[in-house]
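Here's the structure, in structure tokens; my notes come after.
Counting starts at 1 for both ligands and their atoms, following the listed order. Computed from a prediction, not measured in an experiment: that's the story for all the values here.
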Amino acid sequence: MALTTTLSERIARISFSRTMEVAGKADQLRRQGEDVVDLGVGEPDFPTPDHIKEAAYEAIRSDFTRYTPAAGIPELRQAVCERHAADFGTSYSPAQCLITAGGKHAVYNFVETLVNPGDEVIIPAPYWVTYRDAVLLAGGQPVILPTDASDGFALRASAVQKRLSPRSRMLILNFPNNPSGALLNREEAARLVELAVEAGFWILADECYAQLVYDGKPFSIASSPGASRCVLVAGSLSKAYAMTGWRIGYGLGPETVIQGCIRLQSHSTSNPNSIAQKAALAALRGPQDCVAAMLSEYRRRRDYVVGRLRAMPGITVHEPGGAFYAFPKIAALLGHKGVSTSADFAERLLNEMRVACVPGEAFGVEGHVRLSFAASRQELERGLDRFEEFVARLWR
Ligand SMILES: Cc1ncc(COP(=O)(O)O)c(C=O)c1O
């Protein structure tokens, strides 16, 4: 029989990450010598703090360069539990923790481990692009639950309840939210946990931005009463410690589920990178003032970006409570000068003004675009000047 290049049904169900696609386009233009302001990319512009890099140099010098246990080195599993306890008041033990190749990999592991074909997974929109595809890859059925821009994209337990069915297996939460910056209110979190225990579904909480909260104390749904029975945490060092390229994240949850993830990991990545694990240990056990310093710079940038956007005609924006994205509503501009969707808007902004942003459609919400403020103040100024000019052109 002839060899065909037909991809497996699983891979045919998923698409390339839209945010990575935007990053690729911006990079291509830059390589051609174009002056692109990249507000599309979701990664800190800060270098990884020196004490973290030192730990990696030391790992190499001392030949810590071999395979590690599939679940990660025991001292890092312990350090993750201790940091989560210190930051959020939880009480996980190392057996309830595994180290992964980034937070994305923790999400993937949990979904693969728990979702069967035909299971429903509720995903509030706006959502981070990967959730849908991770669920589709597992053969699950994403059930998209829209939240309301006029309510600051808040998630209500009552709205989740209405979407439950006998096939509901999981709810994926992401607060602070990428792309909206919305936070989860503690009372709603407690109600969601009650609902999950009662109806029997898992809550997968993606806490990738949990340390990056501007107002009030960071909070984890894993600290709600009853959470140990139904909450899974996917965490990451990428954003809080400016470590995107190191690829270290973690999963926290009941030991049986964690064991399932470890089994999967033992046949996929084998283990997270040994050198990066030592660096992660230094990040979690070392001084935390680097996180606070980056956070206060992000806060200044947030205030600047929100102020600039609100001064533009036809644009409204909810103030992000965490993470480093603004998600302005551009719906009033659609229908002007041939721009009819957020994807048209983003494409024209890149082609005509050389500013990269991500269309809201990629997050399941039309009429918005996502601008990252993990860029220097100078780049933000240049990018927003061009954005403002583009908005003015559409109105002219
Ligand atoms: C909401 C959310 N979760 C998870 C991740 C993945 O982070 P990483 O795999 O680098 O830890 C990202 C990265 O952009 C994200 O925005």
Quiz item: Does even one non-hydrogen atom of Arg247 get within less than 4.0 Å of ligand 1?
Solution: yes
Quiz item: Got a donor-acceptor contact below 3.5 angstrom from the Asn177 side chain to the Asn174 backbone?
Solution: yes
Exercise. Nearest heavy atom to atom 11 (O) of ligand 1 wins, so pick from Ala101, Cys208, Ser236.
Key: Ser236
Practice problem: Report, in ascending order of atom number, the atoms of ligand 1 lying under 4.0 Å from any heavy atom of Ser238. | Solution: 8 (P), 10 (O), 11 (O)
Quiz item: Do Asn178 and ligand 1 have an N or O pair less than 3.5 Å apart?
Solution: yes
Quiz item: What are the atoms of ligand 1, with element, lying closer than 4.0 Å to any heavy atom of Gly102?
Solution: 9 (O), 11 (O)
Self-check item: Atoms of ligand 1, numbered as shown, that sit under 4.0 Å from any heavy atom of Tyr209
Solution: 1 (C), 2 (C), 14 (O), 15 (C), 16 (O)
Self-check item: Any donor-acceptor pair under 3.5 Å from His105 side chain to Thr100 backbone
Solution: no
Quiz item: Quick one: nearest non-hydrogen protein atom to atom 12 (C) of ligand 1, plus distance?
Solution: Trp128 CZ2, 3.3 Å
Quiz item: What atoms of ligand 1 come within less than 4.0 Å of a heavy atom belonging to Lys104?
Solution: 6 (C), 8 (P), 9 (O)
Self-check item: Minimum heavy-atom distance Lys239-Gly42, with the two atoms named
Solution: NZ-O, 2.7 Å
Quiz item: Side chains of Tyr57 and Lys278: closer than 4.5 Å at any heavy-atom pair?
Solution: no
Quiz prompt | Aromatic ring proximity Tyr209/Tyr325, centre distance under 6.0 Å | solution = yes
Quiz item: Which ligand 1 atoms does Asp206 reach within 4.0 Å, using its non-hydrogen atoms?
Solution: 1 (C), 2 (C), 3 (N), 4 (C)
Quiz item: With a cut-off of 4.0 Å, which atoms of ligand 1 are near a heavy atom of Asn174?
Solution: 1 (C)
Self-check item: Heavy atoms from other residues, nucleotides or ligands near CZ of Arg61 exceed 12 (cutoff 6.0 Å)
Solution: yes
Exercise. Determine whether Leu252 and Cys81 make a side-chain contact, defined as any pair of heavy atoms from C-beta on separated by less than 4.5 Å.
Key: yes
Quiz prompt | Where ligand 1 meets Gly103 - atom numbers and elements under 4.0 angstrom, heavy-atom basis | solution = 8 (P), 9 (O), 11 (O)
Quiz item: So which of Glu207, Glu43, Lys239, His105 gets nearest to atom 13 (C) of ligand 1, if we judge by its closest heavy atom?
Solution: Lys239
Quiz item: Do the ring centers of Phe324 and Tyr298 come within less than 6.0 Å of each other?
Solution: yes
Quiz item: Would you say the side-chain atoms of Tyr304 and Arg308 include a donor-acceptor pair closer than 3.5 Å?
Solution: yes
Self-check item: Subset of ligand 1 atoms that lie under 4.0 Å from at least one heavy atom of Tyr131
Solution: 1 (C)
